[in-house]
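Presented below is the structure to which this report refers.
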Amino acid sequence: MRIGQGYDAHKLVPGNGVILGGVEIDCDYSIEAHSDGDILIHALIDALLGAAAYGDLGTFFPSNDESFRDISSVLMLEEILKKLREDNYKIVNIDLTYVGQTPNLKDYKDRIRENLSEIIKIDKTAISCKATTTDGLGFEGSLAGVSSYCAVLIQR
């Protein structure tokens, strides 16, 4: 068994929605990023890469490479999943945490779990998706940005 942890943070800007866990969510902000800004999937990818000792997100998808501009985070995740499968790794469980004042994920957490379950091809019960605010503290609390954390367990 191998454990990995991931983290991602991005700036919030006025906009018309975000993508989290591959799910489009309407809100008054967007996430500024080189890719689609899906910080849940970015943290998940980093956790998977760390668990397998493959490096980090930038190793595979450098933010200074224009060929990855606006790339779907789901496509990035699928590429990493392919590498894990080639090396006979299986994902045991995933624990995701979103940190931000907006959007409120109450009505989206289950959809995110279902979507990731389909992409990764593991049971939804092996995926946890939580959300928290900082009660106005820090960059997340001031609506300057959002962040996410992920822990994963994999095995060969």
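Hydrogens, waters and symmetry mates play no part in the numbers below; they use all other heavy atoms, side chains included.
The existence of a salt bridge linking Arg111 and Glu114 is excluded, since no basic side-chain nitrogen approaches an acidic carboxylate oxygen closer than 4.0 Å.
At distances below 3.5 Å, at least one donor-acceptor pair connects side-chain atoms of Ser30 with backbone N or O atoms of Gly17. A donor-acceptor pair under 3.5 Å is formed between the side chain of Thr134 and the backbone N or O of Gly141. Panel note: side chain His42, backbone Asp8; no donor-acceptor pair is recorded below 3.5 Å. With hydrogens and angles ignored, the 3.5 Å screen pairs a side-chain donor or acceptor of Ser148 with a backbone N or O of Ile39. Although no hydrogens or angles enter the test, the distance criterion places a donor-acceptor pair under 3.5 Å between the side chain of Arg156 and the main chain of Asp87. Checked by atom type and distance alone, the side chain of Asp38 pairs as donor or acceptor with a backbone atom of Gly22 at under 3.5 Å.
Counting only residues at least two apart or in different chains, side chain to side chain donor-acceptor pair (under 3.5 Å) contacts with residues 14-27 are absent.
Taking CD1 of Ile80 as the reference point, atom CD1 of Ile41 lies at 12.0 Å (rounded to 0.5 Å). Between the NE2 atom in His34 and the CD1 atom in Ile71 there is a gap of 8.5 Å [rounded to 0.5 Å]. Annotation: the span from Cys150 atom SG to Leu44 atom CG amounts to 4.5 Å, rounded to 0.5 Å. Rounded to the nearest 0.5 Å, atoms CG (Asp123) and OG1 (Thr125) are 3.5 Å apart. Distance CE/Met1 to CD/Gln155: 4.5 Å, rounded to 0.5 Å. Here the CG-CZ distance, from Leu49 to Phe60, works out to 5.5 Å after rounding to the nearest 0.5 Å.
In Asp28, the CG atom is not crowded: 12 or fewer heavy atoms of neighbouring residues, nucleotides or ligands sit closer than 6.0 Å. Around atom NZ of Lys11, no more than 12 heavy atoms belonging to other residues, nucleotides or ligands sit under 6.0 Å away.
With a 4.5 Å cut-off on side-chain heavy atoms, Asp95 and Leu153 do not count as touching. Between Ile154 and Leu48, some side-chain heavy-atom pair lies under the 4.5 Å cut-off. Using a 4.5 Å heavy-atom threshold, the side chains of Ser128 and Arg113 count as separate. Cys27 is listed as a side-chain neighbour of Val18, based on a closest heavy-atom distance under 4.5 Å. Considering only heavy atoms from C-beta on, Val92 stays 4.5 Å or farther from Val152 through its side chain. Counting only heavy atoms from C-beta outward, the side chains of Phe68 and Pro62 approach each other to under 4.5 Å. Taking 4.5 Å as the limit, every side-chain heavy atom of Tyr89 sits out of range of all side-chain heavy atoms of Lys83. In this structure the side chain of Glu32 never reaches within 4.5 angstrom of the side chain of Leu12, judged on heavy atoms.
Cys129 and Lys109 get closest at one heavy-atom pair: O-CD, 3.3 Å. For the residue pair Ile45 and Leu77, the shortest heavy atom distance occurs at CD1-N, 3.6 Å. Across Leu20 and Ile31, no two heavy atoms sit closer than the pair CD2-CD1, 4.2 Å. Here the closest heavy-atom approach between residue Arg85 and residue Ile119 is recorded as NH2-O, 4.2 Å.
Here Ile122 pairs with Ile91, Ile94, Ile120, Ala126, Ile127 under the side chain to side chain contact (heavy atoms under 4.5 Å, CB included) rule; sequence neighbours left out.
Ser147 and Glu140 are linked by a side-chain donor-acceptor pair at a separation below 3.5 angstrom, with hydrogens and angles left out of the test.
Hydrophobic clustering of Ile, Leu, Val, Met, Phe, Trp and Tyr side chains at less than 4.5 Å, counting indirect connections, keeps Ile19 apart from Leu40.
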Walk me through it: do Tyr98 and Val146 pass the test side chain to side chain contact (heavy atoms under 4.5 Å, CB included)? CA-CA 8 Å; Tyr98 172 81; Val146 290; 3.1 Å; yes
Apply side chain to side chain contact (heavy atoms under 4.5 Å, CB included) to Lys124 and Asp110, showing your working. CA-CA 9 Å; Lys124 183 176 115 174; Asp110 204 50; 2.9 Å; yes
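Hydrophobic cluster membership of Phe139, counting Ile, Leu, Val, Met, Phe, Trp and Tyr whose side-chain heavy atoms lie under 4.5 Å apart directly or via other members: Tyr7, Val99, Tyr149.
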